[in-house]
Amino acid sequence: MRASFRLGRIAGVPVGVNWSVLVIFALIAWGLAANQFPRSYPDRSSVAYTLAGLVAAVVFFVGLLAHEVSHAVVAKRNGLEVDGITLWLFGGVAELRGEPRDPGAELRIAGVGPLVSLLLGAFFGAIAALLALAGQDGLLFGAVAWLAGINVLLAIFNVLPAAPLDGGRLLRAAVWKATGDRTRASVVAARAGWVLGVLLIGLGLWQFLSGVGFGGLWLALIGWFLIGAAAMEERQARTGSALRGVRVGDVMTPQPQTASAEMTVADFVDHYLFAYRHSALPLTEEGRPTGLVTVDRVRGVPAERRASTTLAEVACRADQLVLAQPGEELNDLLPRLSECADGRALVVTDGQLVGIVSPSDISRAVQRSTLRA
């Protein structure tokens, strides 16, 4: 999940927000301000309801960020690199590079997130209890009590034993510990995620058809997301197993054809695209990669503008490139592949371009590894 904009760094980890967060933020704030708070605490002003809803939604997302930051911090302490944290429609994700070295590390990394949510729930619950004892059982109490309940629910939901939830990671750690087979453990957790997704879809549709409301459709949407994510995790687990021990240098295309950033799109189409039959071409300056142009990006330039548009204007920028070393594990590279470069990575040694890894290179490596197995 790509971030639409960056918030900065927390504990040395880049933090971003996807635009889809605005959807769930608006739904939460509107649901509290327009429904729950007026129903529970009538005769307040609309401004008070709106302010309480907005503040509660903001604090909820701060807690969600704390949940993901805890994953990142513990992952770094267990030897993993963290590329960033992104908040999005269904919560948040900490983008870890590589895999935990053992079931214990998996357990610690996965378990800390729900623990933080549970502690936040207990914290807000204690504040709500103190407010009640002081006779403050109005709108402030309602907002704090809601924060306590939602964080506890978040913790409980996340420990359900199904990938990609934290509980799926905990299940994977347990199966991994019992069998010694990480791939088998990943497949078990992914299939548990598929089962949970089907159950949530069934429950959500039943609620909607029973007249409970649109909350059932939201539950079904979560189930649909879980099924898709679980299927992806199973594919990644099987791919990772096939590629274990394979290095980037083993699969890369060495010394790829390059082009200058100042070349026009028209020249690229006329002299490179058909002559070399490449679907992507690195841009270099004195041997150092400065960008990557793909056929899809060139195709988006109108024919009448190709003679006046340079490759630099349509290419993936240097800061969007995925760079790898020849000796790097291919499995460590896969999670870093970006949408901008259509799943490609440039291989460098001492800053100089020495190769390129494309999706077809990876597919061939998987096929070779599967045949050997």
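For reference, positions follow the sequence shown, starting with 1.
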Could you state whether [X] and [Y] fall into the same hydrophobic cluster, counting links through intermediate Ile, Leu, Val, Met, Phe, Trp or Tyr residues with side-chain heavy atoms under 4.5 angstrom apart?
X	Y	result
V74	L64	yes
L7	V82	yes
L118	I109	no
V198	L219	yes
I127	V152	no

Do any N or O atoms from the side chain of [X] and from the backbone of [Y] form a donor-acceptor pair under 3.5 angstrom?
X	Y	result
S40	F37	no
D102	G104	yes
T309	R306	no
R288	Q352	no
R44	P38	no
K76	A11	yes
N151	L147	yes
D267	M263	no
E68	L65	no
T253	P256	no

- Message: What verdict does the side-chain contact (heavy atoms from CB on, under 4.5 Å) test give for W146 and V59, after you've listed the backbone C-alpha separation in whole Å, the side-chain angles of each residue and the deciding distance to 0.1 Å?
- Response: CA-CA 11 Å; W146 179 83; V59 175; over 6 Å; no
Is any side-chain heavy atom of [X] closer than 4.5 Å to a side-chain heavy atom of [Y]?
X	Y	answer
F25	V58	yes
L165	L196	yes
V265	L311	yes
Q136	F141	no
V354	L346	no
L131	V144	yes
N158	H67	yes
Q257	P282	no

- Message: Quick one, V69 with V13, criterion side-chain contact (heavy atoms from CB on, under 4.5 Å). Give me CA distance, side-chain angles, the key distance, then yes/no.
- Response: CA-CA 8 Å; V69 168; V13 178; over 6 Å; no
Taking [atom1] in [X] as the centre, count heavy atoms belonging to other residues, nucleotides or ligands within less than 6.0 Å. Is the count above 12?
X	atom1	value
F123	CZ	no
D319	CG	yes
E304	CD	yes

- Report the C-alpha separation of E95 and T86 in whole Å, then their side-chain angles, then the decisive distance to 0.1 Å, and conclude whether the side-chain hydrogen bond (donor to acceptor under 3.5 Å, both in side chains) test is met. CA-CA 8 Å; E95 302 163 19; T86 303; 3.0 Å; yes
- Query: Closest approach of S70 and G113, non-hydrogen atoms and distance?
  - Reply: OG-CA, 3.6 Å
- For the student: nearest non-hydrogen atoms of V347 and M252, plus distance: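 Closest approach of V347 to M252, heavy atoms only: CG1-SD, 3.6 Å.
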Taking atom types as modelled and ignoring hydrogens, do the side chains of [X] and [Y] form a donor-acceptor contact shorter than 3.5 angstrom?
X	Y	answer
S210	Q207	no
T349	Q325	no
D166	H71	yes
N78	R108	yes
T179	R184	no

- Task: Output, in order, the C-alpha distance, side-chain angles, deciding distance and verdict of side-chain contact (heavy atoms from CB on, under 4.5 Å) for W206 and L203.
- Result: CA-CA 5 Å; W206 176 78; L203 179 60; 4.1 Å; yes
With a 4.0 Å cut-off, would you call [X] and [Y] a salt bridge?
X	Y	answer
D361	R364	yes
R191	E233	no
D296	R299	yes
R247	E328	no

Just how far is it from atom [atom1] of [X] to atom [atom2] of [Y], taken to the nearest 0.5 Å?
X	Y	atom1	atom2	value
E285	E262	CD	CD	8.5 Å
L153	S117	CG	OG	10.5 Å
F268	L283	CZ	CG	9.0 Å
L243	L333	CG	CG	10.5 Å
T264	E313	OG1	CD	10.5 Å
S358	R344	OG	CZ	6.0 Å

- Message: Go through it in stages, so that I can follow the logic: the residues are L281 and T258, the test is side-chain contact (heavy atoms from CB on, under 4.5 Å), and I'd like the CA-CA distance, side-chain angles, deciding distance and then a yes or no.
- Response: CA-CA 6 Å; L281 203 65; T258 63; 5.6 Å; no
- Among L32, L139, L54, which residue meets the side-chain contact (heavy atoms from CB on, under 4.5 Å) test with Y49? L139
